[in-house]
Amino acid sequence: MLSYQLKNALNSIRNNPILSGLLICAIGLGVAMSTASLTVYYIYSGDPIPHKSDRLFYVQLDNWELSSSSNPQDETAPPTQITYRDLLGIMESDIPTHQSGMVATYPTVHPSGVDQRPFRAKTRMCYADFFPMFEVPFRYGSGWDRRADQNAEPVIVLDAKTNDKLFGGANSVGRTLRIEDREFSIVGVLDPWRPKPRFYDTFGRNATREPEGIFMPFAFVERLELDNMGSTICFGDFDDEFAAFLQSECSWIQMWVQLDDDRQREAYHGFLNAYAQQQKKLGRFPRPLNNRLVPVMSWLRDQEVVPDEAKGVLLISLLFLVVCSVNLIGILLGKFLARAPQVGVRRALGASRFSIFTQHLLECELLGVCGGLLGLGLSIAVLQFVNQSLDRGGLFALDGMMIGAGVVLSLVAGAVAGIYPAWRICRVAPATYLKLQ
Amino acid sequence: MIKLKNVQKIYRTEHVETHALGGLSLSIAAGEFVSVMGPSGSGKTTLLNITGLLDTFDRGSYLLDGRDVSGLSDRQMSKLRNAMIGFIFQSFNLIPDINVFDNIDVPLRYRGWKAKRRREAIEEALGLVGLTSRIKHLPSQLSGGQQQRVAVARALAGNPALILADEPTGNLDSAMAMEIMDLLERINQLGTTLVMVTHDPELANRAQRQLHLLDGQLIDMDFSDGHKPLFVEEEAISAAAE
């Protein structure tokens with residue numbers, strides 16, 4: 001019976017190609033807008049590392065002075081980043097499974113090729129644990145080891161894109177690259193890697209940007225006197241020299257740790273508090289203890305990674321889809337009621353109300369699915385436009401989940417548009433129309 | 001086959017109540033060929049609709065093949081209608097955008113028959129009405145008479161016990177009307193109960209029994225003195241004028 005109803009529904013769609021086309025376009029537009037905005041929202045709000053996001057913690061230490069606040073919106077909150085001095089202090093702990101301070105810099109790269117000109121490359125200064133902690137995939141080689149951190153060995157890891165640019169995608173492990181005034185040995189090349197959002201550094205609306213092209217041991221921040229590309233907040237005075245900056249109360253470094261269970265977490269939190277107490281004795285950390293370990297998803301929420309615009313656009317798009325569907329109710333009602341005499345015949349020949357209802361609802365759902373397919377095609381174009389406009393590469397793209405969401409939205413739109421007209425047509429008294437055919 | 005007892009049907013609008021059937025009782029045996037006559041508005045079509053389970057009634061009882069139909073759900077009613085009743089309408093009521101085969105297929109689809117059985121039944125019904133060669137034609141490609149023969153085939157294909165025909169020759173010329181009547185008679189002779197509403201006394205006379213309706217009531221007709229009721233004469237005059 002379902003196949004017969006499907007056949008009838010398809011016939012009805014084919015018999016009114018212009019009207020059917022308009023209905024499909026209306027649903028398609030609604031689904032395109034909704035799916036595209038849902039995808040943007042999904043990328044911003046998704047769990048970037050779902051299988052271990054509850055074991056990765058962002059570290060906040062409250063070194064701030066009493067007379068001001070590091071965060072005007074929440075005066076009780078500790079600074080969102082830590083100082084260089086504190087980084088060195090807490091990196092001494094052996095409690096975390098993995099730990100890494102990190103910062104983004106922008107050094108100059110001097111390629112060896114004759115036709116390649118120097119360029120500035122976004123570079124993440126980090127520790128060896130960055131790679132296993134965030135499960136960064138490698139195409140060639142691997143990350144460096146902790147010894148390289150301790151000895152400030154001149155090693156780097158390239159991302160796939162930079163490796164393509166500099167070495168044509170070949171295995172460049174073992175080759176060298178001049179950055180600033182030093183030669184660095186390449187120890188690893190990443191596979192394409194794009195956490196969505198880029199949780200490890202969300203500052204300055206960075207959450208949707210690509211990871212950096214080069215990864216370098218943190219020790220070279222000091223050696224090369226590299227400036228921080230991200231935000232820096234300071235209190236107190238210090239000299240202009242780089243060494244003074246490093247010893248200042250300026251917070252500019254992000255710190256992540258992996259703590260695999262509650263015991264480890266409590267131990268590390270205790271360690272941070274003990275460190276803060278120790279610093280208090282040295283005249284620092286004047287505020288009450290307020291050191292925090294924030295899991296990934298909480299951190300993303302705290303940082304308001306999902307922009308208000310994305311929420312607003314999603315809401316408007318869903319409303320647009322609802323408006324499209326509601327507008328279709330009248331059109332479908334007119335279409336179905338015009339077919340009432342035929343329905344009267346079918347009822348006389350044995351079709352139940354339910355059968356008439358399902359046939360017409362099926363027609364609406366078919367229109368919805370066709371609209372959905374059109375909408376998914378349009379949403380790909382919309383997302384490409386968004387990617388280009390915001391310079392986000394291929395970040396905003398439909399995945400299986402979003403395609404599924406688009407299909408569900410189109411089915412819901414078909415149902416919203418079709419339930420009332422289908423119900424009305426199944427309620428017509430067959431006898432009324434049999435004489436009118 | 002059909003037993004109606006004190007069946008009453010009232011159509012209500014905001015201000016007006018119309019008694020379409022006023023306590024009508026009627027019994028039609030299986031295999032009978034009964035014609036129903038009466039002036040416009042006398043309740044003929046209402047009677048046919050109620051008999052065909054297309055309309056409900058307000059009072060009384062209706063036994064179809066011994067089964068009380070009052071209180072049946074829409075699904076039960078549809079199933080019974082599909083299984084027991086074939087309809088033939090004045091304006092054929094074929095579905096215009098599907099071909100002859102698919103039109104005849106409609107009641108069989110709702111009956112849930114398998115494709116092979118449906119095809120056999122359709123081919124047999126089309127053979128009976130002599131339209132096998134038009135199986136792929138759309139209704140618009142057929143003459144009025146051919147369309148009505150398709151409608152007859154559709155009514156017949158499911159082998160119903162009862163065929164209800166509402167002025168089946170009303171839209172046909174006299175030659176074609178006779179052809180359809182011959183067909184209906186043949187069907188009746190095969191054992192199918194036939195109830196036919198008509199305005200044409202000549203066609204009505206071909207039935208084994210004639211029922212006359214006036215203001216929603218069956219009236220006793222005795223034409224032995226050669227007089228005919230006024231409405232029959234009026235209908236005959238208007239039919240002649242047409």
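When reading the values below, keep in mind they use all heavy atoms of this one structure, side chains included, and skip hydrogens, waters and symmetry mates. Remember, it's a predicted structure, so these values are computed and weren't measured experimentally. Order of the sequence lines sets the chain letters (A, B, ...), proteins ahead of strands, with each chain counted from 1.
- Taking CD1 from B:Ile95 and CG from A:Asn8, the interatomic distance works out to 7.5 Å, rounded to the nearest 0.5 Å.
- Taking chain A as the reference chain and counting heavy-atom pairs below 4.5 Å, the highest number among B:Arg109, B:Arg81, B:Arg111 is found for B:Arg109.
- More than 12 heavy atoms of other residues, nucleotides or ligands sit less than 6.0 Å from atom OH of B:Tyr11.
- Note: A:Arg427 CZ to B:Asp74 CG = 8.0 Å, rounded to the nearest 0.5 Å.
- In B:Glu124, the CD atom is not crowded: 12 or fewer heavy atoms of neighbouring residues, nucleotides or ligands sit closer than 6.0 Å.
- Heavy atoms of other residues, nucleotides or ligands lying less than 6.0 angstrom from CG of A:Asn16 number more than 12.
- Within the 4.5 Å cutoff, the side chain of B:Pro96 has heavy atoms near those of the A:Gln342 side chain.
- Contact of A:Ala429 with chain B is not made at all, since no heavy-atom distance falls under 4.5 Å.
- Between A:Val345 and B:Phe92 the shortest side-chain heavy-atom distance does not fall below 4.5 Å.
- The OG atom of B:Ser78 sits 13.5 Å away from the CZ atom of A:Arg346 when rounded to the nearest 0.5 Å.
- For a residue to count as touching a neighbouring chain, one of its non-hydrogen atoms must lie under 4.5 Å from one of that chain's; by this rule B:Ile98 touches chain A with the side chain only.
- Heavy-atom minimum distance, B:Tyr110 versus A:Leu349: CD1-O, 4.2 Å.
- By number of non-hydrogen pairs under 4.5 angstrom with chain A, the leading residue of B:Leu108, B:Asp105, B:Asp55, B:Asp97 is B:Asp97.
- Smallest separation of non-hydrogen atoms from A:Ala348 and B:Phe89: CB-CZ, 4.1 Å.
- When the shell of 6.0 Å around NZ of A:Lys52 is examined, it contains more than 12 heavy atoms from other residues, nucleotides or ligands.
- Considering all non-hydrogen atoms of both residues, B:Asn49 and A:Ala431 come closest at ND2-CB, 3.3 Å.
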